[in-house]
Each structure stands twice: as structure tokens, then as C-alpha cells.
Amino acid sequence: MSEQEIGIANAAGGIVVTPEGDIDMHRSPELRSALRGVNDQRPPRLVVNLAKVGYMDSSGLATLVECMRTAKGHKTEMILCGMNDRVRAIFDIARLDQFFIIVPTVDDIVGS
Amino acid sequence: MSEQEIGIANAAGGIVVTPEGDIDMHRSPELRSALRGVNDQRPPRLVVNLAKVGYMDSSGLATLVECMRTAKGHKTEMILCGMNDRVRAIFDIARLDQFFIIVPTVDDIVGS
Amino acid sequence: MDERPHIHIELVSDPIYLSGARELVGSVARRLGFDDLQCSKIALAVDEALCNIIRHGYDRAADRPIWISVWPAGRDESGRPSGIRLVIEDEARQVEPNALKGRELDDVRPGGLGVHIIREVMDDVVYAKRKDKGMRLSMVKHAPRRDGPGRTCSVTLGRDGEGSA
Amino acid sequence: MDERPHIHIELVSDPIYLSGARELVGSVARRLGFDDLQCSKIALAVDEALCNIIRHGYDRAADRPIWISVWPAGRDESGRPSGIRLVIEDEARQVEPNALKGRELDDVRPGGLGVHIIREVMDDVVYAKRKDKGMRLSMVKHAPRRDGPGRTCSVTLGRDGEGSA
Ligand SMILES: Nc1ncnc2c1ncn2[C@@H]1O[C@H](COP(=O)(O)OP(=O)(O)O)[C@@H](O)[C@H]1O
Ligand SMILES: Nc1ncnc2c1ncn2[C@@H]1O[C@H](COP(=O)(O)OP(=O)(O)O)[C@@H](O)[C@H]1O
């Protein structure tokens, strides 16, 4: 494996997207296109599991915000989980923590 | 905590030294003086637990080799444990893996 | 500031190198007295500054120069470095420094985040026009006071084996 | 080689900055096609080269200059960078390049490790005297061929959610 992957799986009562590695301006386009592909399927639930993401910048945030907007339009429930402290810190600095449903781990998602 | 620590504890049938963070030319003098202090106590066993070490260069190796020599002279049994793959790789490249007793974790030390 | 920087980097404005730049800065910050979370935030501020230059300054051209200079920002009572000073320069479009304020804190929306993050994370943030062309962003972050004994005395003896410093 | 480096670093010869330099190189190598363990080894080679300059070249003076230049070393069939070229320069004491061989592999002993590690890790290693003063170490490491589909196609659908590339 020479670059990090984005895993996509049917689980947790919907589709779970698991990006790996740092999400920055170089890698967020890849995440954006993966999330668009999942939104096109209009699943009941879209979970972004950040457990394998060590770092995220504002381009990663913007990607998640765009995804949430599309999901809302589709009545898809979007949930974030698996954030480490460093990723959590940027949600806090950006004051966007209140705009997402955030749970500790995939296992904390009700109905999964 | 603003710099990484070196933990020293009585355990595993001797003294367990647990350095934290990267051991390079900047930080190996600190490890060297900690190991000298432990060797001065001439314990039956000296365990260096590398579980919290993410990276080591040849100055770290040299420090461990010096420690092993002193320990041998004192009839102290020296054991290394907790190496991650990256640390393991430098022992292999240096062909020094055969010169140390290396076990996976502290719990694998007999008589601990 | 006039003193030669301890590290001076010239890199091309390609997002592929963002990770290298921020890992260097985060790692140097670790050695200059910051803990992991603080280092990650300082790295984030640098990342955002570089992204803004690539995006707004160079309109995403990937082959333009960016310069990063790094200095330790001070010494604590035992003489160890304790703080970081960073200067990031480009030769891109010049903008009025006081236009770079960042959005209001209570104006919650995506976008307009980069400058806000930089100002939130760093202690001093000064944008200026360079003499001929391009912008200069100067930033300082002071390390929090260290409690407890100095590092070389921080070896502890005990079952837990963890120091307090 | 004549092409401008994508990253050019000048840093002082203080071991406190070793971690920053190797984190940058390791992180850039990650983006240039290497896996984590390979990146760690490439970072190690750079660390050893810098240590040798500080120790043998500058006799541990902490305020002398070292230059690191980084280029991508090639492209794979889909045009993505795949390999790293590094040049490390100093203005320290000059030594005969062919004196820098590293110890024999079967001569197992501590010390004499740095040059051995550099030659073991990197594909091409060339020491040379610079024109006026100092040494130049040029190194190349090629990324292993990628199997499977390219990165942008590597999104997989399945319970495991892991691609094969
Ligand atoms: N380095 C820069 N060069 C030129 N303009 C900049 C630079 N940084 C920021 N700006 C301007 O300031 C605005 C706010 O930037 P920022 O807070 O990062 O938000 P965003 O990038 O999401 O617009 C940008 O839209 C841009 O007009
Ligand atoms: N950058 C350098 N400048 C001058 N001499 C060097 C340099 N690198 C290595 N050497 C010489 O080569 C020898 C072998 O180096 P090395 O393999 O790193 O082992 P060690 O540093 O343990 O001696 C050193 O002892 C030194 O004499």
C-alpha cells in the first residue's frame, strides 16, 4: 500500500466511510468525491468514521460541511465518529462541533 | 508535560526503564545518563521497555550497546522489549538484533 | 527577527508538500517546549497559512515559491527554548493586511476559517506587504510555563514511572 | 538535478532540529509513494547523514549551516511521483569520498553504523567534495511498483472497507 485508502462499507444502519491518514488540501478532493458517491446512493445514514485520521485542516472541514448539506437535502442522517483529540480540536476552534452529530465510536451509533 | 520523560520503575524482577518519544542524537544523552544511574544500582535485571519509543537512530543503538556492556560486567541481565516495527528495523539493519535479548512485551519476561 | 533563522525552507506551492512542512513545524515545536496537542495546532496554523497562499495568493499554481523561517522564541528560567517564531513569505498578490481579519467568532459558517484558525492558535499574528511583491505573515507562540523540575532532573523512580513535569 | 529542488532547507547544525528534518523527509516520502516503514527508514538515513555532519564534519558545533534539497525522483505509469531524491550539503571538513564506505556487513560491532545505514536504506548513495568547501551527499530511493488500481480508483465497497492497492 503506497497511499492511504478510503474504506466504504455497509454497516451501522447505513454506509460507513473510513478515510485514512491526514485530510488536508492535497487529500480532501479524494474524500469529497468518495462522499459525493455515497450521497448519490441516498442511504438512510452516512457515518464518517475518523478513527484512522490523524490530522485534518479546514479543507477537510469544508468537505464534511458540504457533505452534511447534501445529506440533509436527501434526508440522510450524517454522523461523525472516531475523532482523536487533535481532530476534535479543529472542530472546536472552527465552532463547527455543534453542527454535526458526533459520537465517540462506531459502536456508539444506535441501531448499528 | 513539555518534553518526553524517562520512566524508571521496580518491576519484572529488576528495574524497568521506559523512555518516551524519539531517541536521537538530541535525546540519547538523557537516556544514557538514566541507564548509567540504573546500572550503578547493579540490579539482577535491567529491562528497557521501548513501547513508548516511536523512533531510534544509531545514537540510541550506541547507548543501548554501551548499557549492555556495563550490565554484562555487573552480571545484570539486560532485556529489550516493546519495539515497534520501525525501531525493530534499525536493529535489523545494524545487525544488532542478535546481540540483545529481545522479547515482545514486558509481560513476556519470565519471572516478572 | 534580524538574527538568521535556525531553519529556513523554500518550497514550491504544491499541496503535496503541505504535510512535510507542517510535520517539520510540529516536530520542532515539540522540541521547543510544546505538548502534542499544541504542536498539532501550531502545525494547523502553518498549514492554513500555506493553503491560503496557494489558494488566494497563487490561484492554485503549484510551482511558485513559499518561504518558511523558524526561530526559537525565548528561553525559560533554565535556559531551554520555550516558544516558536514563524515567518511565512510569498511573492503572490498583495492584499491589505487589515483585510485579513478572519470572520467574526459568532458568524458560524464554513469557509473563512483559515485566518480565524491562525489568529485563534497563535499569540501574535502580523500580516504585512513585503517590499517588492508578496506578503509576509509573522507569528509567535509562547510555550506555557513548565512546572516541576527541569527535564534532566525529571527521571522518576516509582511503580508508575511517570514524571510530573 | 539541475532543476530547482521542490524543497530546499537551510538549518543550523543543532541536534534539536534533527527531528524536524526527518519528519519533513518522512512525510514527503509518504506522499511520493512509500509506505510507513520505508518512510521511517528514509528518515533514518537522513538523520544519520545529519548526525555525521554535526559530529564528524562540524565537531558538534551547533551553529553551522546544513542544506537539504528534495525532489521527486520519478513518475509511475499513471504520472504520480514515485521516488525521492535528496541532496545534503555542508561547509565542513572535506573527506575523501571513497573513505566513506561504511563498515563491512559481517563486522558486527557498535559504531561505524551511520554510513552503513545510509547505504543499506537508499538505492543510490554518492558522496562528493563541494567546489569550495564542504561535502555533498546525493541519495535516491525508488518507490516500489504499485500493484492494483491507482489511488483515485482505490475506493472499495465491502464490509472490510480496505483496498488492495
Ligand atoms: N495569503 C493570502 N493572500 C491573499 N489573500 C488572502 C490570503 N489569506 C487570506 N486571504 C483572503 O482572506 C480571505 C479569508 O481567508 P480564510 O479565513 O482563510 O477563509 P477562506 O480561505 O475559506 O476564504 C480569503 O477569502 C482571501 O480573500
Ligand atoms: N559527513 C561526514 N564528514 C566527515 N567525516 C565523516 C562524515 N560522515 C562519516 N564520516 C567519517 O566516516 C566514519 C564512519 O561514519 P559512521 O559510519 O557514521 O560511523 P560513526 O559515526 O559511528 O563513526 C566516521 O567515523 C567519520 O570518520
Side-chain angles (χ1 to χ4, degrees), chain C residues 3-34 36 39-40 42-43 46-47 50 54 61-73 75-76 79-87 89 91 143 151-152, chain D residues 3-34 36 39-40 42-43 46-47 50 54 61-73 75-76 79-87 89 91 143 151-152:
Chain C
E3 204 196 334
R4 205 181 54 153
H6 284 200
I7 306 178
H8 182 73
I9 306 170
E10 176 175 336
L11 76 165
V12 295
S13 54
D14 189 327
I16 202 170
Y17 299 120
L18 286 172
S19 63
R22 68 173 179 262
E23 292 288 334
L24 178 139
V25 168
S27 187
V28 167
R30 193 77 184 82
R31 295 267 157 112
L32 294 179
F34 297 93
D36 282 341
C39 290
S40 179
I42 294 166
V46 169
D47 179 311
L50 298 178
I54 296 172
D63 59 351
R64 306 296 306 280
I66 299 175
W67 298 273
I68 307 173
S69 303
V70 186
W71 294 258
R75 303 263 157 195
D76 66 11
R80 285 168 297 160
S82 125
I84 192 166
R85 179 195 299 277
L86 291 152
V87 172
E89 292 167 285
E91 51 180 45
R151 198 186 72 231
T152 47
Chain D
E3 206 195 332
R4 204 180 55 151
H6 284 201
I7 306 177
H8 181 73
I9 306 169
E10 175 173 338
L11 76 164
V12 295
S13 55
D14 189 327
I16 202 171
Y17 298 121
L18 287 173
S19 64
R22 67 173 180 262
E23 292 287 335
L24 178 139
V25 169
S27 188
V28 167
R30 193 78 184 81
R31 295 266 157 114
L32 295 180
F34 297 93
D36 282 340
C39 290
S40 180
I42 294 166
V46 169
D47 179 311
L50 299 178
I54 296 172
D63 59 350
R64 307 296 306 279
I66 300 176
W67 297 275
I68 307 173
S69 304
V70 186
W71 294 259
R75 303 263 159 196
D76 65 12
R80 285 169 295 158
S82 126
I84 194 166
R85 179 196 299 277
L86 291 153
V87 172
E89 293 167 285
E91 51 180 43
R151 198 186 73 231
T152 48

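Heavy-atom basis, side chains included; hydrogens, waters and symmetry copies ignored. In the text below, chain A, chain B and the rest are named by the order of the sequence lines, each starting its count at 1.
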TODO: Find out whether His8(C) and His8(D) are in side-chain contact, i.e. whether some heavy atom of one side chain is under 4.5 Å from a heavy atom of the other.
DONE: no
Task: Separation between CG of Leu24(D) and CD1 of Ile9(C), rounded to the nearest 0.5 Å - done: 6.0 Å
Open item on the list: Looking at every heavy atom in both Pro15(C) and Arg31(D), which two are closest together, and how far apart are they?
Closed with: O-NH1, 4.0 Å
Task: Choice from Ile16(D), Ile68(D), Val28(D) maximising heavy atom contacts with chain C below 4.5 Å - done: Ile16(D)
TODO: Could you check if a side-chain atom of Glu10(D) sits within less than 4.5 angstrom of a side-chain atom of Pro5(C), using non-hydrogen atoms only?
DONE: no
Open item on the list: Is the shortest side-chain heavy-atom distance between Ser19(D) and Arg30(C) below 4.5 Å?
Closed with: no
Task: Nearest atoms (heavy-atom pairs only) where Arg4(D) meets Asp63(C) - done: NH2-O, 3.3 Å
TODO: Sort Asp14(D) into side chain, backbone, both or neither according to what part of it lies under 4.5 angstrom from a heavy atom of chain C.
DONE: neither
Task: Side chain proximity check, Arg22(C) to Ser27(D), heavy atoms < 4.5 angstrom - done: no
Task: Contact origin within Ala29(D) toward chain C - heavy atom pairs under 4.5 Å - done: neither
- [ ] I would like to know whether Tyr17(D) and His6(C) meet side chain to side chain contact (heavy atoms under 4.5 Å, CB included); could you show each step before the answer?
- [x] CA-CA 9 Å; Tyr17(D) 298 121; His6(C) 284 200; 2.7 Å; yes
